[in-house]
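Below, read A as the first sequence line, B as the second, and so on, with proteins coming before strands; counting in each chain starts at 1. Owing to the predicted nature of the structure, the values given are computational and were not obtained by experimental measurement.
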Amino acid sequence: MREEGQISAYQAMGYQVSIVLATAILFVPAITAQYARQDAWLSLVLAYLFGSLQVFVATKLALKFPRETVIQYAPRVAGKILGKVIGFIYIFYFFYVAYFVQREFEALMSAAYLPQTPIIVVIIMLTLLAAYVLYGGLEVLCRVNAIILAVALFGLLLIFLLIVKDIEFTRFLPFLENGVGPVVLGAVVPGGWFGETAVILMLLPFIGNQGKTLKTSLLAVTILFVVMEMVVIGAVGIMGPNETGRFLYPTFNIARRVTIEALPILERQDAMFMMIWVAGMLMKLSTFFYAGTLGLAQWLNLRSYRILILPAGAVMTALGMQAWENIVELKSFSGEVFPLTIIFVNFMLTGFLYLLTFLKPKSLQGAS
Amino acid sequence: MPQRLITALVLVIVLLAAAVQAGCWDLRQAEDLGYVMATAVDRTPQGLVKLLVQVPNPRALAAGPRGGVTPGASISSKAFRNYEVVGRTIFDAIRAAAHQSPKRLFFAQNRTVIFSEDLARQGLGDVLDFFGRSVEIRRRLNRVFVAKGDVRKILNVPNPHGVCPALRIDNIVRWRGQTSHFAAVPLSKVLETLSLDGQEPFVGVIEAVANPTATPRVRKDLSMEPPLTITLTGAALFRQDRLVGFLNEPETRGLLWVLNEVRGGQLVVPGPGGKGQIAADIHGGQATIKPELTDGRIRMTVEISVVGDVAEAEGPFDLSKPEVAKEIDRLCAAAVRREVLAAVAKAQEVQSDVFGFGEAFRRRFPQEWKTIKDDWPEIFPGVEVLVKVDAEMIHHIGMISKSRAISVP
Amino acid sequence: MALSIVLVLLAFAAMIAYEVPRMLREKMRRELWAFFVLIAIGLVLSIGQILKLPLPNVTRGIEAVVRPVYKALEAMLT
Amino acid sequence: MRRRLTKKLMDLLARSKKSVVQPVDGKQDLGRTETRVWEPAELERIPLSPDLQVNITRLKEVFDTNPDFIVREFDIAGGRARAALVFIKDLVERSLVGHNVLKSLMLDYRPREPNGRPLWEDMKRVAVTAGTVKEITNLRQAVEGILEANAVLFLDGEATGLVMEAEGFEKRPVGQPETEAVVRGPREGFVECLAVNITMLRRWLKSPNLQFENMFFGRVTRTRVALAYIKGLVDPGLVDEVRRRLRRIDIDGVFESNYLETMLRDSPYSPFPQMIATERPDKVAANLLDGRVAILTEGTPFVLVLPAGLVALMQSPEDYYHFGHLGSFIRLLRWMAFGISLLLPSLYVAVTTFHQEMLPTRLLLNIVASREGVPLPAVLEALLMEVAFEVLREAGVRLPRAIGQAVSIVGVLVIGDAAVTAGLVSPQMVIVVAFTGITSFLAPAFDLAISIRLLRFPVMLMAGTLGLFGVISGVLAIFIHLAGLRSFGVPYLAGLVPFHSTDWKDILVRFPMWTMRRRPAELAKQNRYRMAPNLKPGPARDNHKKE
């Protein structure tokens with residue numbers, strides 16, 4: 001089955017940016033600063049290189065099959081059974097990220113804004129919005145994303161400008177206090193997160209000007225890198241690595257710090273940050289939800305993915321609710337387990353498929 | 001399509017029903033909350049937490065000239081209430097206050113946290129956790145103080161300019177740049193400093209002193225001058241989370257110079273040639289700490305540059321002369337240096353590195369720091385501190401150049 | 001608890017009412033199969049959670065495999 | 001073209017309704033007197049008879065007992081032939097009928113014999129002095145001609161009739177547009193009469209490329225509708241699409257352009273208007289120049305312009321009639337008002353019941369103080385006040401102007417003040433609701449204001465249950481809806497997303513005229529440029545060359 005919409009490479013770049021940004025921005029500074037401490041910014045540079053490599057491989061692979069998604073060509077590349085299994089791993093990965101996003105979303109919402117509200121309400125609200133986007137299709141997703149990304153980047157920049165006066169650059173000294181090891185360890189998490197841009201595997205067939213995809217994908221990782229650097233430097237520079245590592249959500253705390261003595265109305269406006277972040281989370285959830293549902297429909301050779309939206313959403317939500325008992329489990333998972341799992345899919349699995357296309361050039365036939 | 005729309009509507013109604021059934025969740029009317037404006041923490045002899053919170057009474061505000069049958073208009077009520085409760089932890093005490101307060105206490109508007117001297121001497125660590133953890137508490141907006149004397153008295157001084165004493169403290173803090181003689185440290189700063197090895201926290205000091213303009217009490221009248229008045233003064237030094245000593249006002253400014261926190265203030269020095277006095281208005285300063293390590297001896301060089309104006313010149317000097325200006329600069333620099341050195345001496349005396357010399361050292365010499373990190377409190381008093389001040393005090397000299405003393409023959 | 005179950009059932013009923021008539025009309029047999037399999041999984045998972053039944057937890061499975069790998073990595077790098 | 005189209009349309013109409021009556025064959029039905037219903041298709045199958053009496057009898061049968069149906073029989077050319085003039089009394093201009101037809105035929109006409117020309121031809125060329133005439137051959141054309149305020153002439157012995165323009169009924173004069181007043185700019189507005197409206201557009205756009213296509217809607221009302229566009233500017237695919245959608249419409253009556261609008265929309269359940277309804281000819285003309293299509297409907301001054309996205313709905317002709325900076329300022333103000341009127345009550349509710357920390361202390365204490373004693377929670381207070389406001393507004397609109405003002409004064413001043421004094425509502429809420437109400441008047445398209453007014457309520461409910469999260473969820477839902485919405489294939493948010501940098505010169509602010517060289521990107525696929533390049537005015541720069 002085919003999705004009828006068509007998007008441009010720059011719109012796809014928009015997704016690639018916003019899907020990583022929404023969650024990474026909350027968790028990455030704390031996790032990275034825990035290991036790399038004041039050298040967190042350096043970890044990000046490593047992560048950037050690693051992320052670029054992942055998205056490079058993914059885009060190269062996708063470009064070999066310009067009319068199909070990874071679910072469709074995996075059986076041809078890897079053999080019927082193995083291909084279907086790989087396809088299923090991808091589909092599960094998309095839902096896995098999606099329900100992880102649901103829970104991350106719920107974690108901050110219930111911690112900071114709606115402590116008394118049952119978490120399932122918040123999750124269902126977001127999931128229904130995502131389902132609404134999915135009914136609209138890829139074009140709607142990309143249009144909403146364009147607006148949200150513009151607003152979100154502007155909002156982040158504004159917050160950054162308001163707190164930049166508090167950054168003390170001495171906090172980044174001394175350089176490489178504990179050697180390179182912690183810096184590499186700190187790069188694992190953001191590196192994994194940057195690799196999520198490999199979702200291009202599912203989006204590529206719907207891109208009109210595919211020639212630009214490689215460029216825009218790398219550009220997406222670059223934008224992410226710049227924004228994340230901004231956030232990490234802000235967090236570490238203001239609060240110091242120890243405090244940054246201690247917070248569950250350092251970025252949220254930075255937003256809470258915005259004060260201008262001359263303009264007391266600007267204090268405590270972190271709820272504004274929340275609103276932008278909700279929009280960002282919606283985009284991330286929608287994209288992975290979309291990729292998963294579309295993939296599932298293709299895997300099962302269905303005529304339309306739309307009928308799967310609601311039941312798949314329900315299964316996703318149920319899996320998410322089941323997966324983690326509390327925020328402590330979630331945080332430890334997101335720091336220690338989640339990045340490796342997504343690196344496995346985005347890097348290892350994708351790389352494996354990419355290598356197979358060289359071993360079995362026959363599989364490329366009919367792809368153009 | 002319409003039937004799909006209807007199904008969607010049913011879904012929405014189901015959700016709404018669930019919402020209504022489950023109650024109002026986080027909904028709380030603005031008037032149902034008691035907005036805590038100041039929180040004071042003390043410890044009872046039994047080791048329990050004694051908490052005093054100040055909540056304004058909007059009903060007293062509502063009794064304005066609105067006319068009509070505004071409820072409460074006829075009852076003249078106090079503009080604020082103080083609740084004092086005891087609990088095993090802070091949170092326990094807050095919830096104990098629910099027995100007295102008709103409104104749910106809400107801490108997001110709180111801007112003042114006061115610890116009693118006793119509690120501070122025993123250590124803040126345990127009680128600070130609540131302030132760091134709570135979502136409602138705004139770390140950046142709360143200022144931490146140590147109270148000299150009875151907290152109850154301080155928080156009971158009426159505020160003729162506003163609703164409650166807490167707002168008065170807040171406003172005094174806002175104009176701290178007028179003197180820079182007291183510290184007003186945000187909660188976030190205290191928590192961050194506590195997480196560092198090479199720096200100790202300090203907080204402001206609050207006190208209720210006798211009001212010299214108090215009117216003799218005739219009858220209970222809101223318009224009378226109260227017998228006490230609130231004043232912020234100096235700073236309290238900590239080692240880890242324990243209060244170990246106080247800085248007086250000039251010493252406090254000495255500390256603030258090193259930390260780049262001086263926003264302004266007055267500096268009174270004897271006039272050039274020892275005659276008369278000069279009062280200067282400080283605009284601000286810039287300080288850098290340069291650690292040096294020579295033969296195992298640690299030396300800190302603090303370089304401060306100060307900018308300001310002459311506000312008053314009582315004495316026979318001609319400010320239009322460059323050499324007089326230079327002399328004033330030198331005198332002011334010396335005064336600043338004295339302040340800083342006094343602060344350093346006091347801090348070293350109580351072994352509290354509030355200046356962050358240890359941090360500065362760590363940044364410069366990370367490997368050496370690892371070896372001395374644990375002994376730092378013992379090493380710190382022996383650190384040699386050099387203070388170099390560069391003052392430039394004559395930007396403006398006001399509306400006149402020569403003082404009246406010489407213009408009249 | 002009872003209320004939660006009723007709500008979950010209602011939600012799933014609404015999903016079926018929303019999607020199934022069209023599929024029946026257009027005779028999408030494959031789609032119907034996929035739809036009901038997903039609905040069944042969703043129902044089992046959600047009711048199981050409400051009743052606190054010991055269902056297999058996929059995420060825990062992943063965690064059991066991956067966490068040792070991470071610990072090894074961590075030990076190597078620090 | 002036009003006739004073919006109309007015929008096709010009528011065929012479609014006829015086919016859709018099953019004909020219950022057997023086709024009538026000329027003479028055998030002459031004597032029938034019972035009441036019966038005549039279908040247009042049936043009438044079409046009856047050709048005009050050469051026998052004058054047969055034609056007259058048939059028409060009398062069709063029009064049955066209508067007292068205003070007039071058949072004037074007379075002789076022409078000194079009794080050489082019998083003729084009949086058929087019309088509806090009050091639809092035609094009597095002096096026109098009397099002068100152009102009756103007088104000239106009965107008194108002045110002297111057929112020049114023998115010139116080899118049949119009497120019918122001769123009469124048409126010499127005696128009929130009406131401007132627009134049309135020959136007809138069947139009964140249906142005759143009936144429709146009569147109903148469209150023409151006079152129909154029959155001559156004995158001729159199987160054709162002559163429809164002559166004789167329209168003459170009262171029309172409202174052209175006046176100021178009631179709903180879209182401007183400070184600076186033309187003051188004429190459309191009227192109910194389609195012909196006048198077309199004239200107005202013709203006067204604005206004196207180009208042969210301005211095309212009108214006539215159509216008729218309503219099985220009973222037979223409302224005339226004109227499709228207008230400028231050839232060479234409009235995307236032909238768009239016109240085809242509009243025609244295709246129009247053809248589907250089969251309804252018994254069309255009284256207002258909204259009858260068509262609801263049947264033409266891309267997304268029928270969307271609360272957002274997908275066409276501009278305006279009574280300003282200048283606005284229609286300007287939109288035609290942008291490559292849009294207009295639908296003019298007989299009987300209403302509101303003309304539909306399509307396709308219309310959010311951007312177009314936020315533009316007002318006055319933006320271009322004022323100095324650019326002012327135009328931009330008003331435009332910005334309007335977008336702001338758009339946001340405020342959608343969100344202000346919800347934000348107020350969310351902040352005062354969920355996020356009290358967001359307010360500065362003094363403001364918060366102020367609000368709390370005034371809310372002391374207010375019995376309702378803020379959500380209900382806001383909802384009630386909004387409903388009350390809508391009631392007052394509706395009352396003010398419906399009542400005669402003088403009373404309407406009194407209502408608004410009583411409503412706003414007396415009730416509002418009394419409610420505050422009695423402690424039933426807080427003064428802040430009155431301010432919020434009143435300001436929200438006022439901002440909703442800034443929307444240049446009334447339809448858009450309505451959709452915002454409607455959407456305000458669900459967002460308020462969301463704010464009351466989930467706070468700012470509810471508000472942002474509502475806003476996102478609206479965004480998703482708008483992003484998926486299309487108006488005749490053109491994305492509703494065109495310009496914003498899909499992003500067109502050239503369109504941005506006319507979205508949030510209005511750039512100077514000379515910078516807006518391109519027409520809207522999604523509309524004008526051909527002929528993209530409005531003006532010559534380098535029109536930026538300024539002092540002559542090439543003075544030195546003149547020497």
Visitor: At a heavy-atom separation under 4.5 Å, does D:Arg486 approach chain A through its side chain, its backbone, both, or neither?
Guide: side chain
Visitor: May I ask you to test the A:Ile147-D:Leu493 pair for a side-chain heavy-atom distance under 4.5 Å?
Guide: yes
Visitor: Could you pull out the closest heavy-atom pair between A:Met275 and D:Val471, with the gap in Å?
Guide: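 So the two residues come closest at CE-CG1, 4.2 Å.
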Visitor: Go through it in stages, so that I can follow the logic: the residues are A:Tyr132 and D:Phe479, the test is ring pair (Phe, Tyr, Trp, His ring centres under 6.0 Å), and I'd like the CA-CA distance, side-chain angles, deciding distance and then a yes or no.
Guide: CA-CA 11 Å; A:Tyr132 189 22; D:Phe479 251 142; over 10 Å; no
Visitor: Which atoms of A:Ile148 come close to chain D, meaning under 4.5 Å heavy atom to heavy atom: side chain ones, backbone ones, both, or neither?
Guide: side chain
Visitor: Return yes when atom NZ of D:Lys505 has more than 12 non-hydrogen atoms of other residues, nucleotides or ligands closer than 6.0 Å, and no otherwise.
Guide: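 Counting neighbours around NZ of D:Lys505, more than 12 heavy atoms of other residues, nucleotides or ligands fall under 6.0 Å, so yes.
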Visitor: Is there a side-chain contact between A:Leu114 and D:Phe354, using heavy atoms and a 4.5 Å cut-off?
Guide: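 Contact flag for A:Leu114/D:Phe354 side chains = yes.
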Visitor: For A:Phe160, I'd like to know if atom CZ has over 12 heavy atoms of other residues, nucleotides or ligands within 6.0 Å.
Guide: yes
Visitor: Check each atom of D:Leu466 against the heavy atoms of chain A and say whether the ones under 4.5 Å are side chain, backbone, both or neither.
Guide: both
Visitor: How far apart are the closest heavy atoms of A:Arg143 and D:Ala483, and which atoms are they?
Guide: NH1-O, 2.5 Å
Visitor: For the residue pair A:Tyr113 / D:His355, report whether a side-chain donor-acceptor contact shorter than 3.5 Å exists.
Guide: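 A:Tyr113 and D:His355 do not have a side-chain donor-acceptor pair below 3.5 Å.
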Visitor: So how far is it from D:Phe469 CZ to A:Met109 CE, rounded to the nearest 0.5 Å?
Guide: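 Going from CZ on D:Phe469 over to CE on A:Met109, the span is 5.0 Å.
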Visitor: Step by step, would you call D:Ile472 with A:Leu282 a side chain to side chain contact (heavy atoms under 4.5 Å, CB included)?
Guide: CA-CA 11 Å; D:Ile472 188 68; A:Leu282 173 67; over 6 Å; no
Visitor: Count the heavy atoms of every other residue, nucleotide or ligand shown that sit under 6.0 Å from CZ of D:Phe457, and state whether that count exceeds 12.
Guide: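 Yes, because the 6.0 Å sphere around CZ of D:Phe457 holds more than 12 heavy atoms from other groups.
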Visitor: Below 4.5 Å from any heavy atom of chain D, which atoms of A:Met274 appear? Answer side chain, backbone, both or neither.
Guide: side chain
Visitor: Which answer fits D:Leu359, side chain, backbone, both or neither, if we ask what part of it has an atom under 4.5 Å from a heavy atom of chain A?
Guide: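 For D:Leu359, the contact with chain A is made by the backbone alone.
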Visitor: When only pairs under 4.5 Å are counted, which of A:Val122, A:Leu126, A:Leu141 shares the most heavy-atom pairs with chain D?
Guide: A:Val122
Visitor: What closest approach, in Å, do D:Leu468 and A:Ala271 show between heavy atoms, and which atom pair accounts for it?
Guide: CD1-CB, 3.4 Å
Visitor: Are the side chains of D:Leu476 and A:Val133 in touch, meaning some heavy atoms are under 4.5 Å apart?
Guide: no
Visitor: Quick check on A:Leu129 against chain D: is it the side chain, the backbone, both or neither that has a heavy atom closer than 4.5 Å?
Guide: both
